[in-house]
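Numbering of ligands and ligand atoms starts at 1, following listing order.
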Amino acid sequence: MSNTVTEVALPGVQKVASGKVREIFDLGEHLLFVASDRISAFDVIMPTGIPNKGKVLTQLSKFWFGHLQDIVPHHLISADFDDLPSELREQAPFLRGRFMIVKKLEMFPVECVVRGYLVGSGWREYQESGSVCGIPLPSGLAQAQKLPEPIFTPAIKATDGHDENIPFSKMIDMIGAEHAEALRKVSIEIYQRAAEHALKKGVVIADTKFEFGLVDGRIVLGDEVLTPDSSRYWPLPEYRTGSNPPSYDKQFVRDYLETLDWDKTPPGPELPEQIVQGTAERYSTCFETITGTSLKGV
Ligand code: ATP
Ligand code: MG
């Protein structure tokens with residue numbers, strides 16, 4: 001599909017990293033984050049993109065940075081097309097709506113995960129041990145149940161690219177007690193602020209991951225924030241305890257993939273038009289629901 005961006009090349013600009021969904025370029029003083037329309041399911045990147053997904057994730061992240069900035073400063077400098085260098089505006093019009101120019105941060109090597117609900121790996125661990133990442137929880141909680149208080153469960157990127165949970169004491173060893181405690185406090189606070197906003201709009205944010213860095217010794221919120229790629233979003237009307245609630249965005253793709261005879265290893269299968277369109281609609285509805293604004297005009 002012509003308006004779907006799955007590969008990002010910017011002639012003359014150095015690419016510094018390439019993730020499952022995003023590409024990062026060096027603009028000299030700043031970094032350029034570009035969100036493609038790639039989608040992964042069961043940890044495999046699909047060969048078919050979802051039109052506008054990268055725009056939704058970028059604009060949602062921008063919304064949240066603004067919504068949280070009285071709690072913590074963020075790295076976003078601009079997402080305005082007019083602020084791109086003129087060569088890029090000419091050569092890469094597809095960037096419109098899907099990029100962020102950000103401050104270069106000295107990143108903390110820790111993923112700051114906050115969980116408000118008992119699900120996924122947390123639920124599995126709780127069933128075995130009654131705790132999540134070493135944090136003891138009351139007994140008798142059900143799958144997907146809201147926790148009495150959100151918990152902070154840091155993780156690091158293991159060498160195989162998967163996340164590995166670490167105890168808070170290890171985080172202290174890595175970055176020092178002062179920073180570890182500050183990151184725990186601010187992570188919980190911004191999760192709570194965001195989850196409260198989302199819930200009013202009919203969306204549960206079950207858990208999320210933040211990344212922070214330093215500029216001049218000050219803690220700054222980096223990366224993308226509170227997107228369906230970095231968080232579990234559940235539509236409130238379908239939320240029940242006792243089972244794993246469907247995710248707002250990816251469930252539709254996962255359900256389709258379950259109908260195929262595919263072993264969930266790369267390469268993933270092409271997605272049919274109807275699944276692509278249905279997924280694209282879910283992403284834009286998600287954006288509109290959370291922000292109360294439309295993506296049109298971005
Ligand atoms: P995945 O696709 O699993 O997320 P990934 O984390 O390697 O893989 P990206 O998320 O695209 O891929 O990479 C973003 C990288 O940029 C991360 O290493 C993140 O810590 C880093 N980062 C985020 N914000 C900044 C910033 N302002 N300055 C410097 N590095 C940053
Ligand atoms: Mg990442």
### Message
Donor-acceptor check, side chain of Y239 to backbone of A144, threshold 3.5 angstrom: yes or no?
### Response
yes
### Query
When you measure from the side chain of R193 to the backbone N and O of H67, does any donor-acceptor pair fall under 3.5 Å?
yes
What residue and heavy atom of the protein are closest to [atom], and at what distance?
atom	answer
atom 2 (O) of ligand 1	K20 N, 2.8 Å
atom 12 (O) of ligand 1	G19 CA, 3.4 Å
atom 9 (P) of ligand 1	R22 NH2, 3.5 Å
atom 4 (O) of ligand 1	K157 NZ, 4.2 Å
atom 25 (C) of ligand 1	M107 SD, 3.5 Å
atom 23 (C) of ligand 1	D223 OD1, 3.2 Å

### Query
Taking the six-membered ring of F81, is the NZ or CZ of R96 close enough (under 6.0 Å from the centre) and on axis enough (within 45°)?
yes
### Message
Would R282 pass as a cation-pi partner of F252, given that its NZ or CZ must be under 6.0 Å from the six-membered ring centre and within 45 degrees of the axis?
### Response
yes
### Query
Does E23 have a non-hydrogen atom less than 4.0 Å from ligand 1?
no
### Message
Is the distance between the ring centroids of W64 and H197 under 6.0 Å?
### Response
yes
### Query
When the aromatic ring centroids of F99 and F25 are compared, is their separation below 6.0 Å?
no
### Query
Charged N to carboxylate O below 4.0 Å: is that the case for E224 and K209?
no
### Query
In ligand 1, which numbered atoms sit nearer than 4.0 Å to a non-hydrogen atom of H75?
24 (N), 26 (C), 27 (N)
### Query
Atoms of ligand 1 less than 4.0 Å from I24 heavy atoms?
13 (O), 14 (C), 15 (C), 16 (O)
Can an N or O of [X] be found at a distance shorter than 3.5 Å from an N or O of ligand 1?
X	value
E211	yes
K104	no
L105	yes

### Message
Is the ring pair H74/F65 parallel, tilted or perpendicular, if the boundaries are 30 and 60 degrees?
### Response
tilted
### Summary
Any heavy atom of V220 under 4.0 Å from ligand 1? The part involved is neither
### Task
Following the transitive rule for hydrophobic clusters with a side-chain heavy-atom cut-off under 4.5 Å over Ile, Leu, Val, Met, Phe, Trp and Tyr, establish whether V110 and I188 coincide in one cluster.
yes
